[in-house]
Amino acid sequence: MRFSKRPLIRLIEVGNAFSRGVENFKGTPSKGNCPESFGSPLAILSENGPSGIPMLRIVPDGEGWDAIDWSRGSVINQVLPGVQAFLEQGTDIVFVVFDPEDSYSELAAPLIAGKAKEIRVLTISVVFLPFSPKENFEGLSAKEVLSEIERCSDSIFVMLPDASSGVGGNPLAEEGFQQGRDAVMSLVEAFVNLLDVRTDLNVDLEDVRYVLVNAGVALLGTSKASGPGRSARVIKETMEFEGNLSKELFGARRILISIMSGAEIEVEMEELLEITDAIQIKAGEEAEVIFGHGTDPSLGDNIQVTLVATGFPER
C-alpha cells in the first residue's frame, strides 16, 4: 500500500462554456477578496467549483473586459500573472476548460495552459465541442484550434455532446452546454476518485504524471454497476467512453484504472482480473496498465471503474 497526500487540483475556465447559465456558480472578483498578485479584474475565483475544487474563471463579463485591446500581449501582461499566482499555491494538477466558440478563449486558453505547464503543474486541457469536429469557426478549423491547445498542454480531453440528443449541430442549444458542464464535472470528479488516498492500492500523483505528462489526446471512461454480472456490465459501459470525441481504446500506450466498490459487496479478485484483463485485451498487449482499487462506502453494492488512457498514435 502506498500512502501520500491528496494532490491539490484546481480548475481554470476560459470563457463561459462551463458556467454559462448556471445560477449557482457564484464568483468573487479576485480584486479585493484575493491576493493582489492575482492582479486581473477579469479573474473571478469561484466559490463552488466541481467537487469543491477551487476554480478561477477568466470570463468575458468581467470588469474592464470591453476596455482591453485583446492581443497575445494583453493576455500575457494582464491575465497570466493572476493565473500564475492562483496556481503557485501548491497546485499539482490544473484543468483548463476551453470555450471554443469564443475568439478570446481561442487566443487565451493556449497561453494559460502553456503558463501552467511552464511552472510544472500537470496541465490537462478540456475542450467541449458543441459542433461537428469538421466544422470551421472564427476562420479556423476545429482541428487547428485543438492542435494549438494540445501543443501547450500535457494532455487534452475533447468532449462532444450526445448526438442522440439532437443538439450536436447547434452550439447555442442549452442542452448541449448542459452536457458539456456535466462532462467536465464527471471528468474532474473522476480524477478526484482516481487519486483517492483512502484506497487499498491507490493510484498516486506520480502515476498520473507518468501517464499524462506530454501525452497528447487522452480518453476517459467511467461507470458503475451493481447486481449479478456487475463487472461485465461496468466494463462495457466504461469502454463506451460517453462524451469523448474518440471512443477507440486500441493503440493506447499507457492506461490508469481505478476500481472502487461499496462496503456492502467489496470487489473480489475474480472481478479485478476480469476488468483489467478485458481492458488489456481491448487496448492491445503493448499497453502498460496501472491500476488501483479500494472501498467507498457511498457506493453501496456498486462497483465503479474509472479509466484514463493516453499515448495514442496520431489520428
Side-chain angles (χ1 to χ4, degrees), residues 1-7 9 49-53 93 95 124 157 159 162 164 179 181-208 210-212 218-244 247-250 252 254-285 287-310:
M1 183 189 302
R2 290 182 294 188
F3 295 94
S4 58
K5 73 177 183 71
R6 183 186 295 274
I9 301 174
S51 298
I53 290 172
I93 301 172
F95 291 90
I124 302 171
F157 288 91
M159 318 301 286
D162 181 4
S164 65
Q179 289 183 17
R181 292 190 290 268
D182 291 347
V184 173
M185 292 280 280
S186 296
L187 177 65
V188 175
E189 289 170 358
F191 270 79
V192 171
N193 293 333
L194 192 71
L195 289 160
D196 193 334
V197 298
R198 300 169 300 169
T199 55
D200 299 327
L201 177 64
N202 66 287
V203 171
D204 63 14
L205 180 61
E206 184 179 342
D207 293 325
V208 171
Y210 177 68
V211 171
L212 290 169
L219 197 58
L220 171 78
T222 185
S223 185
K224 61 183 178 181
S226 62
R230 63 180 185 170
S231 54
R233 281 184 288 111
V234 81
I235 292 166
K236 179 179 181 298
E237 292 169 6
T238 297
M239 290 196 288
E240 288 175 353
F241 300 111
E242 182 178 350
N244 288 256
K247 298 182 183 294
E248 178 57 58
L249 183 60
F250 183 78
R254 294 175 179 174
I255 299 174
L256 277 178
I257 308 170
S258 170
I259 304 170
M260 301 292 290
S261 60
E264 293 180 20
I265 306 178
E266 294 189 12
V267 64
E268 298 178 356
M269 182 59 68
E270 182 179 340
E271 291 178 311
L272 286 174
L273 291 174
E274 182 180 2
I275 292 168
T276 55
D277 287 352
I279 292 171
Q280 184 77 70
I281 291 170
K282 192 74 172 178
E285 62 180 18
E288 181 180 358
V289 176
I290 301 169
F291 81 96
H293 64 86
T295 302
D296 179 353
S298 67
L299 287 173
D301 64 347
N302 283 278
I303 187 170
Q304 176 174 291
V305 172
T306 301
L307 180 159
V308 176
T310 65

CE/M239 to CG/L219 distance, rounded to the nearest 0.5 angstrom? 11.0 Å
Closest non-hydrogen contact found for A218 with N244 is O-OD1, 4.3 Å
Reported CD1-to-CD distance for the pair I259 and Q304, which is rounded to 0.5 angstrom: 11.0 Å
Can you list everything that forms a side chain to side chain contact (heavy atoms under 4.5 Å, CB included) with T238? Sequence neighbours excluded, please. S223, V234, V305, L307
Would you sort out whether L256 and Y210 count as a side-chain contact (heavy atoms from CB on, under 4.5 Å), showing the intermediate values? CA-CA 10 Å; L256 277 178; Y210 177 68; over 6 Å; no
For E271, does its backbone N or O pair with a side-chain atom of S231 as donor and acceptor, under 3.5 Å? no
Do you know which two heavy atoms are closest between L212 and F191, and how far apart they sit? CD1-CE2, 3.4 Å
T310 meets the side-chain hydrogen bond (donor to acceptor under 3.5 Å, both in side chains) criterion, sequence neighbours left out, with none
Judged by atom type as modelled, is there a donor-acceptor pair below 3.5 Å linking the side chain of E285 to the main-chain atoms of Q280? no
Rounded distance [0.5 Å steps], CG in D296 versus CE in M260: 5.0 Å
Name all residues meeting the salt bridge (charged side-chain N to carboxylate O under 4.0 Å, His left out) criterion together with E268; count only those two or more places apart in sequence or in a different chain, and write none if there are none. none
Close side-chain approach of V308 and F157, heavy atoms under 4.5 Å: yes
On a heavy-atom basis, the closest approach of D301 and R230 is O-NH1, 3.0 Å
Separation of E264 CD from T295 OG1 (nearest 0.5 Å): 12.0 Å
Measure the shortest side-chain to side-chain distance between E270 and E274 over non-hydrogen atoms and say whether it is less than 4.5 angstrom. no
Can you see which heavy atom on L249 is nearest to which on A309, and at what distance? CD1-CB, 3.5 Å
Heavy-atom pair of closest approach, residues I255 and A287: CD1-CB, 4.1 Å
Is there side-chain contact between I279 and T276, with heavy atoms separated by less than 4.5 Å? no
Test item: R233 side-chain N/O and P228 main-chain N/O as donor-acceptor pair under 3.5 Å: yes
Please examine the side chains of L272 and H293, heavy atoms only from C-beta on, and report whether any two atoms are closer than 4.5 Å. yes
